[in-house]
Amino acid sequence: MKIALVEDDNCEADVLTKYLNRYGQDKQVKLEITRYGSAEEFLKAYKNAYFSIVFMDIDLPGIRGLDAARALRRQDDCVTIIFVTKMAQYAQKGYEVNALDFIVKPVNYADFSLKLKKAINVARAKEVKSVLVPVNSGFCRISTDKLVYVEVMGHKVTYRLVDEAIEARGTLSEAEKKLEGCGFLRCNSCYLVNSKYVNKVKGNEVDVGGYILKISHPKRRAFVEALMDIFTGGGRF
């Protein structure tokens, strides 16, 4: 996962880089970190770069952090933004640019790791990739962006897309492994749902793209908590 760190203070940048590396080692997550000393440098580079998460200092020289975030949103409305600031009241304006969260300096690792975990979950849920699934005549390529849920009935696995259903060979565990890191969650032993299409959860049922699926009692708590980890972003300070 590629992460941009926009911070003009070398000491602050070193702390955040240290925390990112520590988190990557602790959680066995590969993080590629690129640091920029100014918003101008970052915005210029972003035209030819891609990042999943951007840590943006608000108090930057030249173009300020909020203005840089506004400019960034004109290029990319999906990238996950976390503001870093000495004064939390300024970060409250983050809702204007759909920022995920903010971190107050001096940054402590406990708070940082929680915010980073949330950011990674949100960023992964936005990712789109293709998976190959075995069908009777060979293989079929499926885009996760169009996949609503996966269902297993006996030895038959059905990939329910927005416009069609594809029957394949295999198990739900195999499908879960293929879709790891793309925001898919188990609501019971028969279904693997795309969090992107979850409209609501009511009791022991979940509305996924208009389909009402059952949530098993043993899995309900973990399922709801995983959804909240993904959906706590989008400017909800």
Side-chain angles (χ1 to χ4, degrees), residues 1-2 23-32 50 52-53 78-80 100 113-114 116-234:
M1 184 162 289
K2 294 185 177 181
Y23 185 93
Q25 292 174 358
D26 290 347
K27 305 299 182 181
Q28 295 185 330
V29 178
K30 186 177 180 180
L31 303 178
E32 183 178 321
Y50 169 81
S52 297
I53 302 170
C78 289
V79 63
T80 300
L100 174 69
S113 61
L114 288 174
L116 178 57
K117 177 184 177 181
K118 182 168 68 172
I120 289 174
N121 287 336
V122 170
R124 280 177 170 171
K126 294 177 181 177
E127 289 180 351
V128 177
K129 73 176 186 179
S130 296
V131 295
L132 286 176
V133 298
V135 296
N136 291 332
S137 57
F139 289 89
C140 180
R141 185 180 296 277
I142 292 175
S143 170
T144 58
D145 190 46
K146 294 184 177 181
L147 179 57
V148 182
Y149 67 86
V150 184
E151 177 185 12
V152 62
M153 294 292 289
H155 298 290
K156 182 179 72 175
V157 179
T158 301
Y159 290 80
R160 176 67 63 179
L161 308 180
V162 293
D163 52 0
E164 65 175 321
I166 296 174
E167 294 184 359
R169 305 187 304 271
T171 66
L172 197 64
S173 294
E174 290 171 346
E176 188 173 29
K177 187 174 181 180
K178 289 177 184 289
L179 297 166
E180 185 178 4
C182 294
F184 285 78
L185 306 170
R186 281 200 192 214
C187 61
N188 62 37
S189 59
C190 297
Y191 296 108
L192 185 64
V193 304
N194 189 345
S195 58
K196 172 184 175 180
Y197 287 98
V198 172
N199 296 317
K200 67 179 178 179
V201 173
K202 184 177 181 180
N204 289 322
E205 293 182 336
V206 54
D207 180 336
V208 189
Y211 297 94
I212 306 301
L213 307 180
K214 293 292 185 181
I215 307 172
S216 67
H217 180 72
K219 293 187 180 297
R220 189 182 191 283
R221 181 175 179 178
F223 177 72
V224 172
E225 287 179 351
L227 277 177
M228 292 303 296
D229 274 346
I230 292 172
F231 294 148
T232 47

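Just so it is clear, the structure is predicted and the values come from calculations on it, not from any experiment.
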Pairs where residues 137-155 contributes a residue and the test salt bridge (charged side-chain N to carboxylate O under 4.0 Å, His left out) is met, not counting sequence neighbours: Asp145-Lys196

Which heavy atom in [X] sits nearest to a heavy atom in [Y], and how many Å separate them?
X	Y	result
Met1	Ser52	CG-CB, 3.5 Å
Ala175	Val150	CB-CG1, 4.1 Å
Thr80	Ala119	CG2-CB, 4.1 Å
Gly203	Ile215	O-CD1, 4.4 Å
Ser113	Tyr23	O-CE1, 3.6 Å

Test side chain to side chain contact (heavy atoms under 4.5 Å, CB included) applied to Val157 and Val133, step by step: CA-CA 10 Å; Val157 179; Val133 298; over 6 Å; no

Just how far is it from atom [atom1] of [X] to atom [atom2] of [Y], taken to the nearest 0.5 Å?
X	Y	atom1	atom2	value
Tyr197	Phe184	OH	CZ	8.5 Å
Asn204	Arg220	CG	CZ	6.0 Å
Lys30	Gln25	NZ	CD	14.0 Å
Tyr149	Leu185	OH	CG	16.0 Å
Leu100	Ile53	CG	CD1	8.5 Å

Side-chain donor-acceptor pairs under 3.5 Å in residues 161-170, sequence neighbours left out?
| unit_1 | atom_1 | unit_2 | atom_2 | d |
| --- | --- | --- | --- | --- |
| Glu167 | OE2 | Lys156 | NZ | 3.4 |
| Arg169 | NH1 | Val135 | O | 2.5 |

Under 3.5 Å donor-acceptor, Arg160 side chain and Val193 backbone: no

Flag, side chain of Lys178 to backbone of Leu132, donor-acceptor distance under 3.5 Å: yes

Glu176/Leu172 under side chain to side chain contact (heavy atoms under 4.5 Å, CB included): CA gap, chis, key distance, verdict: CA-CA 6 Å; Glu176 188 173 29; Leu172 197 64; 5.7 Å; no

Would you tabulate the side-chain donor-acceptor contacts of residues 205-213 under 3.5 Å, counting partners in other chains and residues two or more places apart, or write 'none'?
| unit_1 | atom_1 | unit_2 | atom_2 | d |
| --- | --- | --- | --- | --- |
| Glu205 | OE2 | Lys214 | NZ | 3.1 |
| Asp207 | OD1 | Asn199 | ND2 | 3.0 |
| Asp207 | OD1 | Gly210 | N | 2.8 |

Side chain to side chain contact (heavy atoms under 4.5 Å, CB included) between Thr171 and Val152, worked out: CA-CA 7 Å; Thr171 66; Val152 62; 5.9 Å; no

Working for side chain to side chain contact (heavy atoms under 4.5 Å, CB included), residues Val131 and Ile142: CA-CA 5 Å; Val131 295; Ile142 292 175; 4.2 Å; yes

